[in-house]
Amino acid sequence: MRASQFLLSTLKETPADAEVISHQLMLRAGLIRRVAAGIYTWMPMGLRVLRKVEQVVREEMDRAGAQELSMPVVQPGELWEESGRWSKYGPELCRFTDRHERDFCLGPTHEEIITHLARSELKSYKQLPMNFYQIQTKFRDEIRPRFGVMRAREFLMKDAYSFHADMASLEQTYWRMHEAYSAVFSRLGLDFRPVEADTGSIGGSHSHEFQVLANSGEDDIVFSTDSDYAANIELAPALPPAGERPAAQSALEKFATPGLTTIEDLVSAHDIAIEQTVKTLFVLDQDEQLVALVLRGDHRLNEIKAEKLAGIGAPLRMADQATVKTRVGASFGSLGPVGLDTRIVVDHAAAHLADFVCGANEDGMHFSGANWDRDVANYECADLREVVAGDPSPCGKGTLEIRRGIEVGHIFQLGTEYSQAMNASVLNEQGKSVPMVMGCYGIGVSRVVAAAIEQNHDERGIIWPRPMAPFEVALVPLNMAKSEAVATTTEQLYSAFSEAGLEVFLDDRNERPGVKFAEMELIGIPVRVVIGDRSLAEGKVEIASRAGGEAELIDIDAALATVQQKLA
RNA sequence: CGGUGUGUAGCGCAGCCUGGUAGCGCACUUCCUUCGGGAGGAAGGGGUCGGAGGUUCGAAUCCUCUCACACCGACCA
């Protein structure tokens, strides 16, 4: 490809609304352009990268025995009615009607369509297992699209769906896909971790996320220092503290805390250890009744855990201040479990405290020396808090570390949720009709591109992992218009490289050297070959890797071999 | 969805408070010089200031409405 025939559209300045580095660099390098919030055009350079990722994904899916197909973006509402998701899926589902007033939506995912296909095409257990995938545009009307293609509304996803006669078969395919996903992200040169995850709105029993480690990630993931244990923080259990709760030493005493409405204010004003305080949050249960959730002052509530408590349910609804004031008699900031007549659920760490400080359910007042059982009779214990760095790992080995991750893949064991709702069954060996067992597997293809940049860049621009690079080698002739020797050598190399199967980008523009260097580095092409009169006088060209290291002067005859070796 | 903020040329911004009919840098066009790290000079093209309404002799500037976009928040009691 010649630059003179290619839309090379770089920006010297960073667009003001791009927050994260990948978004900035994708705009500056001319990979994408915004059309509307969360909706982007992939320019020629960007599309080449996207296709590279697709290619790796496609190869690994094929290798894992999945078959590629293509399903529609526009989906009939009636299939979503069947699965029950037409009403359950929130405003993220973009719905509309056609000219006949029939309901349709833009596919945010394709369980309904694939299940519809499977039920009409698969009739016998003998046809199973079967695994289908597609690489296709999805639309989710995100509340808050951000970070460019990282959280876009329209995005490219690889989604796969497997069908099985029994759980054992699903289990087998699930782990085969787990392996395939690891292969994909390894081949793309990403630093990633598979982590245990919540199954969320897709439903099902068992699930792993594939997280690319990056500070700009939107998920917290936890690892054990001493084992393979890794999980999304949403799911990581906090172990109850070891040993017996210390015995009560102090009497319950009320003290005035006017104007102190946060734990931070309270502990600094009265010189109390934050670990000796508890805070009380109120949520609404399914019968609209208040439930008190009690945590140690320095801990955070894990909403997923709270949603899983009996009688609570998702989504978690926090009680508003007015309701709490009416029912309990105090405002936020002065709440506590002592003397409370609502249901009380106490996190294990809070339940392990003796002589703790808590709100007195009277504005501007707190208790010190509070104790469970003695001062609070009816309460239950549960794991409610988010784990923190340094907690013992739930696997029993080591302690937990927390890092940020970008979710680029997610695999689920769905079970029979969709096949039952949509009546997708096969005849088993006994001639009995049984619902097919399903798995589903997603990769955010466009998000992978952004995630790769988050992990691979420097102050000059993108440093593509080789398998993702839009071109493998950049030919940069200097002063080609005037120098016959430069022009001839450049054309020779261009032909030789192209014939050798390399993807070559020839910067044949009549630009100054500095411009060409800066732009090639911004775009991040892995290897650069500079052809200039200076080195040509010695029969050499200059070859450098984008990733770093010194540029080398190489004989023209050896240029191809050197480039290939740098790419290997 | 709530809060905050911003919309002036393709991009980055100034002008707005103290109304008088638009400016800078980059990019773009032409010419000259330059040519190993985002060149220098000269001459140009391009916007009626997100949109609508209002106040005024006069509105980018003041007022009202509206649209769009961004950031923060959506447990931390």
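To find a chain, count down the sequence lines: A is the first, B the second, and so on, and within it residues start at 1.
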| remark: Quick note, Lys12(A) side chain, CB onward, closest among A27(B), G37(B), C72(B) is A27(B)
| Where along residues 289-312 of chain A does a heavy atom come under 4.0 Å from RNA chain B, residue by residue in number order? | Arg300(A), Leu301(A), Glu303(A)
| said: Are Phe517(A) and Leu478(A) packed together at the side-chain level, in the sense that at least one heavy-atom pair is separated by less than 4.5 angstrom? | reply: yes
| task | Taking only heavy atoms on the protein side, list every residue of residues 366-375 of chain A lying under 4.0 Å from any atom of RNA chain B, sorted numerically. | result | none
What does the list of N/O pairs under 3.5 Å between the protein and nucleotides 34-36 of chain B look like, with a distance for each?
unit_1, atom_1, unit_2, atom_2, d
U34(B), O2, Arg512(A), NH1, 2.6
C35(B), N4, Lys482(A), NZ, 3.3
G36(B), O2', Arg534(A), NH1, 3.3
G36(B), O6, Ser535(A), OG, 3.4
G36(B), N1, Glu542(A), OE1, 3.0
G36(B), N2, Glu542(A), OE1, 2.2
G36(B), N2, Glu542(A), OE2, 2.9

| task | Just jot down the side-chain contact (heavy atoms from CB on, under 4.5 Å) partners of Ile543(A), sequence neighbours excluded, or say none. | result | Val527(A), Val529(A), Val541(A), Ile554(A), Ala559(A), Thr562(A), Val563(A), Lys566(A)
| C16(B) and C49(B), which share atom name C1', separated by this distance in whole Å | 11 Å
| field | Gap between atoms CE and C1', on Met318(A) and G73(B) respectively (whole Å) | value | 14 Å
| query | Just by distance, do the side chain of Arg447(A) and the backbone of Glu407(A) share a donor-acceptor pair under 3.5 Å? | reply | yes
| request: Rounded to whole angstrom, note down the C1' distance from G25(B) over to A70(B). | output: 23 Å
| field | Whole-Å distance separating the CG atom of Leu384(A) from the P atom of A77(B) | value | 17 Å
| request: Tell me which of Leu522(A) and Leu335(A) sits closer to the 5' end of RNA chain B, going by the nucleotide each one is nearest to. | output: Leu522(A)
| request: Using the P atom on both, measure A39(B) against C35(B) and round to a whole Å. | output: 13 Å
| query | Under 3.5 Å, side chain of Arg153(A) to main-chain N/O of Ala37(A), donor-acceptor pair present? | reply | yes
| Rounded to whole angstroms, how far apart are CZ on Arg33(A) and P on A27(B)? | 16 Å
| Asp220(A) CG to C75(B) P: how many Å, rounded? | 15 Å
| Between C71(B) and G19(B), how far is it from one P atom to the other, in whole Å? | 35 Å
| Can you tell me how far C1' in C26(B) sits from the matching atom in U21(B), rounded to whole Å? | 27 Å
| query | Which nucleotide, in any strand shown, forms a Watson-Crick or G-U wobble pair with G19(B), with both distances under 3.5 Å? | reply | none
| message | Under a 3.5 Å distance rule, please check whether Glu92(A) uses its side chain to pair with a backbone N or O of Arg140(A) as donor and acceptor. | response | no
| Which whole number of Å gives the distance between the C1' atom of G20(B) and that of C62(B)? | 15 Å
| task | State, with a plain yes or no, whether a side-chain heavy atom of Trp80(A) is found less than 4.5 Å away from one of Leu93(A). | result | yes
| Is there a Watson-Crick or G-U wobble partner for C35(B) with both distances under 3.5 Å, and which nucleotide is it? | none
| said: Strictly distance-based, threshold 3.5 Å: is any side-chain N or O of Arg509(A) a donor or acceptor partner for the main-chain N or O of Lys516(A)? | reply: no
| message | When the P atoms of G15(B) and U6(B) are compared, how many Å lie between them, rounded to an integer? | response | 12 Å
| request: Check whether any side-chain N or O of Arg28(A) sits under 3.5 Å from a backbone N or O of Leu11(A) as a donor-acceptor pair, and report yes or no. | output: yes
| said: Classify Glu264(A) by what it touches in the nucleic acid, base, sugar-phosphate, or nothing, heavy-atom distance under 4.0 Å. | reply: sugar-phosphate
| query | Short question: side chain of Trp464(A), backbone of Ile523(A) - any donor-acceptor pair under 3.5 Å? | reply | yes
| Rounded to the Å, how far apart are Glu218(A) CD and C71(B) P? | 11 Å
| Side-chain donor or acceptor of Glu454(A) paired with backbone N/O of Ser22(A) under 3.5 Å | yes
| message | What is the separation between atom CD on Glu142(A) and atom P on G73(B), rounded to the nearest whole Å? | response | 17 Å
| field | Separation of C75(B) C1' from Phe282(A) CZ (nearest whole Å) | value | 13 Å
| query | What is the ring orientation for Phe255(A) with His270(A), classed by angle as parallel under 30°, tilted 30 to 60°, or perpendicular over 60°? | reply | perpendicular
| Atom P, compared across G2(B) and A77(B): separation rounded to whole Å | 23 Å
| field | Paired nucleotide for U48(B) [Watson-Crick or G-U wobble; both distances under 3.5 Å] | value | none
| query | Taking the six-membered ring for Trp, are Phe505(A) and Phe471(A) parallel (under 30°), tilted (30 to 60°) or perpendicular (over 60°)? | reply | tilted
| query | Using purine N1 to pyrimidine N3 plus N6-O4 or O6-N4 for Watson-Crick, or N1-O2 and O6-N3 for G-U wobble, both under 3.5 Å, which nucleotide pairs with G10(B)? | reply | C26(B)
| Just how far, in rounded Å, is P of C76(B) from CG of Asp265(A)? | 14 Å
| message | Could you tell me the Watson-Crick or G-U partner of U4(B), where both distances fall under 3.5 Å? Say none if there is no partner. | response | A70(B)
| field | Arg28(A) side-chain proximity, nearest of G38(B), C71(B), C75(B) | value | G38(B)
| Does Gln211(A) use its side chain to pair, donor to acceptor, with the backbone of Ile406(A) at less than 3.5 Å? | yes
Please list, for nucleotides 2-13 of chain B, all pairs of protein and nucleotide N/O atoms separated by less than 3.5 Å.
unit_1, atom_1, unit_2, atom_2, d
G12(B), OP1, Ala16(A), N, 3.0

| Going by heavy atoms in the side chains, are Ser216(A) and Met150(A) under 4.5 Å from each other? | yes
| said: Taking pairing as Watson-Crick or G-U wobble with both contacts under 3.5 Å, can you name the mate of G58(B), or confirm there isn't one? | reply: none
| said: Could you identify the nucleotide paired to A77(B), looking across every strand shown and requiring Watson-Crick or G-U wobble geometry with both distances under 3.5 Å? | reply: none
| request: May I ask you to evaluate whether Thr262(A) reaches the phosphate of C76(B), defined as a side-chain N or O under 4.0 Å from OP1 or OP2? | output: no
| request: State whether the side chain of Arg403(A) and the backbone N or O of Asp220(A) hold a donor-acceptor pair below 3.5 Å, judged by distance alone. | output: no
| said: So Leu281(A), base contact, sugar-phosphate only, or nothing? Heavy-atom distance under 4.0 Å. | reply: base
Using atom types as modelled, flag every donor-acceptor pair under 3.5 Å from a side chain in residues 329-354 of chain A to any protein atom, sequence neighbours excluded.
unit_1, atom_1, unit_2, atom_2, d
Ser331(A), OG, Asp363(A), OD1, 3.4
Ser331(A), OG, Asp363(A), OD2, 3.1
Ser334(A), OG, Gly364(A), N, 3.2
Asp341(A), OD1, Arg327(A), NH1, 3.1
Arg343(A), NE, Glu380(A), OE2, 2.8
Arg343(A), NH1, Ala310(A), O, 2.9
Arg343(A), NH2, Ala310(A), O, 3.3
Arg343(A), NH2, Glu380(A), OE1, 3.3
Asp347(A), OD1, Leu384(A), N, 2.8
Asp347(A), OD1, Arg385(A), N, 3.2
Asp347(A), OD2, Ala349(A), N, 3.1
His352(A), NE2, Ala242(A), O, 3.4
His352(A), NE2, Gly243(A), O, 3.3
His352(A), NE2, Glu244(A), O, 3.4

| query | Of Ala36(A) and Thr10(A), whose closest RNA chain B nucleotide lies nearer the 5' terminus? | reply | Thr10(A)
